[in-house]
Number of protein chains: 2
Amino acid sequence: MERTTRQRSAIRAVIDAASRPLSPQEVLEAARAEVSGLGIATVYRNLKLLVDEGSIQAVALPGDSPRYEPTHLAHHHHFQCRSCQRVFDVHGCPGDLARLAPAGFAVDGHELTLYGRCAECMAAQG
Amino acid sequence: MERTTRQRSAIRAVIDAASRPLSPQEVLEAARAEVSGLGIATVYRNLKLLVDEGSIQAVALPGDSPRYEPTHLAHHHHFQCRSCQRVFDVHGCPGDLARLAPAGFAVDGHELTLYGRCAECMAAQG
DNA sequence: ATAGATGCAAAGAGTTTGCATAGGT
DNA sequence: ACCTATGCAAACTCTTTGCATCTAT
């Protein structure tokens with residue numbers, strides 16, 4: 001039986017409160033505000049556990065480590081800022097992507113990642 | 001000045017001859033047919049060098065290590081088989097993706113990866 | 001002969017795992 | 001009290017780097 005620990009609650013709360021998908025490191029830093037001695041191994045273990053139980057999901061990114069976000073209802077994609085590396089949700093989807101695949105290939109999903117500058121970095125005009 | 005070595009030639013040849021983007025490990029295995037003592041460090045060093053000089057390009061994939069392919073002229077995307085993990089080129093692009101980004105965000109590029117079963121794995125009905 | 005390239009092994013970075021202990025239930 | 005969860009450190013995997021040696025020019 002799975003237990004409710006301060007660490008697990010903090011990790012879940014941080015992800016639920018975030019407005020964007022977080023990296024394990026971001027989760028660690030944010031959750032340490034609540035549980036100061038929190039270790040990275042605990043973060044990884046809980047991310048895996050929360051993914052398995054379905055309350056959060058991993059966001060795989062091209063060439064970067066995964067981010068984690070609450071399980072959403074709607075299909076959506078992501079935007080990664082080339083300046084601060086943070087990832088944001090993007091709503092909407094071009095749709096009908098299966099037609100792009102070569103003949104004989106079965107498509108059952110896709111990942112779309114947009115790149116550029118987030119509003120904050122644009123304002124800071126880095 | 002950059003030299004022409006058996007290792008470098010073999011690595012370049014393997015990538016040019018492939019019909020799909022190859023992982024460093026795939027490059028190593030294929031190039032060893034030509035240069036038996038080839039080391040993985042040499043593969044990595046040459047991949048970086050070839051990317052820098054522009055003759056090949058890295059294909060970043062969500063949650064997987066990069067693959068390498070010759071520099072193509074046309075913008076295209078990729079398909080990764082969930083069964084054999086191999087990556088294939090996909091021609092075409094849904095286009096007009098910048099509109100999906102939140103207001104204030106500047107989009108300057110994108111990556112699209114399709115997932116499913118490649119023709120070969122479909123035939124093997126794994 | 002010179003200086004870039006290679007192979008090996010060690011070093012890094014990120015993630016996972018083993019183990020003794022802390023702490024939910 | 002029992003047994004899961006934690007923190008630390010070691011182990012792992014993938015990639016990069018240091019160094020002595022090899023080799024293209």
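Given the structure is predicted, the values throughout are model-derived calculations rather than measurements. Each chain gets a letter, A, B and so on, in the order the sequences are listed, and its residues count up from 1.
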Give a yes or no on whether the backbone of B:Gln85 and the side-chain of B:Gln80 come within a donor-acceptor separation of less than 3.5 Å.
->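 Here the side-chain-to-backbone pair exists.
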B:Leu61 backbone acceptor or donor facing B:Thr113 side chain under 3.5 Å |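 No, B:Thr113 side chain to B:Leu61 backbone: no donor-acceptor pair under 3.5 Å.
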Give one of base, sugar-phosphate or nothing for [X], where a contact means two heavy atoms less than 4.0 Å apart.
X	answer
B:Ile40	nothing
A:Arg45	base
A:Glu2	sugar-phosphate

Nearest-nucleotide comparison on DNA chain D, the residue closer to the 5′ end among B:Gln25 and A:Leu49 =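 Comparing both residues, the 5'-ward one is A:Leu49.
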Nucleotide [N], atom [atom2] - distance to [atom1] of [X] in whole Å:
X	N	atom1	atom2	result
A:Leu47	C:dG14	CG	C1'	13 Å
A:Arg32	D:dT6	CZ	C1'	13 Å
A:Glu26	C:dG14	CD	C1'	15 Å

Nucleotide nearest A:Arg3 when distance is taken to its side chain, options D:dT16, D:dC2, D:dT23 =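 Between D:dT16, D:dC2, D:dT23, the one nearest the side chain of A:Arg3 would be D:dC2.
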Among the candidates C:dT16, D:dT6, C:dG7, find the nucleotide nearest to the side-chain atoms of B:Leu38.
->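 When the side chain of B:Leu38 is considered, C:dG7 is the closest of C:dT16, D:dT6, C:dG7.
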[X] side chain near [N] phosphate (N/O to OP1/OP2, under 4.0 Å):
X	N	value
B:Thr5	D:dT23	no
B:Thr42	C:dA5	no
A:Gln7	D:dG7	yes

Sequence neighbours left out, cut at 3.5 Å: what donor-acceptor pairs do the side chains of residues 89-105 of chain A make with other protein atoms?
| from | atom 1 | to | atom 2 | distance (Å) |
| --- | --- | --- | --- | --- |
| A:Asp89 | OD1 | A:His76 | NE2 | 3.4 |
| A:Asp89 | OD1 | A:His78 | NE2 | 3.2 |
| A:Asp96 | OD2 | A:Arg99 | NE | 2.9 |
| A:Arg99 | NE | A:Asp96 | O | 3.0 |

Establish, from distance only, whether the side-chain atoms of A:Gln25 and A:Ser23 form a donor-acceptor pair under 3.5 Å.
->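 The answer is no; no qualifying pair exists.
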5'-most contact on DNA chain C: A:Arg6 or B:Met1, nearest heavy atom basis?
->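 This one resolves to B:Met1.
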Could you pick out which residue, A:Pro66 or A:Thr4, lies toward the 5' side of DNA chain C when each is mapped onto its nearest nucleotide?
->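 Going by which nucleotide is closer to the 5' end, it is A:Pro66.
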